[in-house]
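Have a look at the structure below, then the notes.
Since the structure is predicted, the reported quantities are computational estimates derived from the model, not experimental observations. Below, chains carry the letters A, B, ... as their sequence lines are ordered, and counting in each starts from 1.
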Number of protein chains: 2
Amino acid sequence: MNCCEKNIDTEQLARFAKAMGHPTRIEILCYLASLDSCFFGDIHNELPIAKATVSQHLKELKDAGLIQGEIETPKVRYCINKENWEKAQQYFNGFFETKKEKVGCCAS
Amino acid sequence: MNCCEKNIDTEQLARFAKAMGHPTRIEILCYLASLDSCFFGDIHNELPIAKATVSQHLKELKDAGLIQGEIETPKVRYCINKENWEKAQQYFNGFFETKKEKVGCCAS
DNA sequence: ATTATTGTTCGTAGTTTTGCGAACAACAAA
DNA sequence: TTTGTTGTTCGCAAAACTACGAACAATAAT
């Protein structure tokens, strides 16, 4: 079973989706996407959760490739990973377009 | 912190993403998107996992609103939930477009 | 040296997810 | 009534996720 018979890596798409599968991580991504970059503390300030938890969410987003971080002692600067962001965009785009122009379903 | 200052429901987007956050569920969605509808058995046949597991994945996709199912005794017909599919498409689209036209990041 | 700042990592607790076989429910057929 | 077919639900086990405070690491300032 090959996903959509398109150039979409099923595993990779699922990995992106999984990383996005938590409201806090969506918030973080939205925030980062609205900026060019910012520090950990800025992100933490936007959220009502412990810094350890923020750090963990950032790690997952980084592991999924959606963001990147670099040390600017003593702070850490985070930003969207542009390359993978666009890849994810293409994947999701292609994925949903599969159904374009199709009609009927069961029920209404 | 309002996601992207757009008409995107953060919770809903995360819910969609979470449902898509598993390779098997991506496969199922792709399969359903390539058809108008099909039966549980057809989906099960495409996958190397136990029917109980398939049923569970289908339940999650249904709970997330991405698919729907109806009984056609003794079978169950599944299909994409078109309305929510398009909603999800719009959400993901809007989400990723946030970063459009932006440049610099930290690191490369 | 001591203190302060910034984040990460560790250890823990509770919840959720994933996957399976077995049991079950609903119905049709023999 | 018994047997088959089709899927769902139950109960279980292992793994992963979520969140937190505390401890820690790296560096700068006093």
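Of the listed nucleotides (D:dC20, C:dT8, D:dA16), D:dC20 has the atom at the smallest distance from the side chain of A:A50. Checking D:dA19, D:dG21, D:dT9 against the side-chain heavy atoms of A:T53 singles out D:dA19 as nearest. Of all nucleotides listed (D:dG7, D:dA19, C:dT9), D:dA19 comes nearest to the side chain of A:H57.
In this structure, the CD1 atom of B:I26 is 16 Å from the C1' atom of C:dT18, given to the nearest Å. Computed from coordinates, the A:F39 CZ to C:dT8 C1' distance equals 17 Å when rounded to whole Å. Atom CD in B:E72 sits about 15 Å away from atom C1' in D:dT5, given to the nearest Å. Nucleotide D:dT6 holds its P atom 14 Å from the CZ atom of B:R77, rounded to whole Å. Whole-Å rounding puts the B:E60 CD to D:dA16 C1' distance at 13 Å. Regarding A:I49, its CD1 atom lies at a distance of 13 Å from the P atom of C:dT8, rounded to whole Å. Counting to the nearest Å, the C1' atom of D:dT9 and the CG atom of B:L58 are 14 Å from each other. Counting to the nearest Å, the C1' atom of D:dC20 and the CG atom of A:L47 are 15 Å from each other.
Heavy atoms of A:Q56 sit under 4.0 angstrom from at least one base atom. Within the 4.0 angstrom heavy-atom criterion, only backbone atoms of the sugar-phosphate kind lie near A:K18; the bases stay farther away.
Comment: A:R77 does not engage A:E70 in a salt bridge, judged by the lack of any side-chain N to carboxylate O separation of less than 4.0 angstrom.
Distances shorter than 4.0 Å separate some side-chain N or O of A:Y78 from OP1 or OP2 on C:dT8. At the phosphate of C:dG19, OP1 or OP2 sits under 4.0 Å from a side-chain N or O atom of B:H22. B:H44 has no side-chain polar atom (N or O) that falls below the 4.0 Å cut-off from OP1 or OP2 of D:dT6. Between C:dG7 and A:K59, no contact under 4.0 Å exists linking OP1 or OP2 to a side-chain N or O.
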Every protein N/O within reach of nucleotides 22-30 of chain C N/O, cut-off under 3.5 Å:
none

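For the pair B:P23/B:I26, no side-chain contact is recorded, criterion being any heavy-atom separation below 4.5 Å from C-beta on. B:H22 has its side chain within reach of B:H57: a pair of non-hydrogen atoms, C-beta onward, lies under 4.5 Å apart. Residues A:H44 and A:I49 form no side-chain contact, since every pair of their non-hydrogen atoms from C-beta on lies 4.5 Å or further apart.
In this structure a side-chain-to-backbone donor-acceptor pair under 3.5 Å is present from A:R25 to A:A19. The backbone N or O of B:K87 lies less than 3.5 Å from no partner atom in the side chain of B:N84, so there is not a single donor-acceptor pair. A donor-acceptor pair under 3.5 Å is formed between the side chain of B:W85 and the backbone N or O of A:F96.
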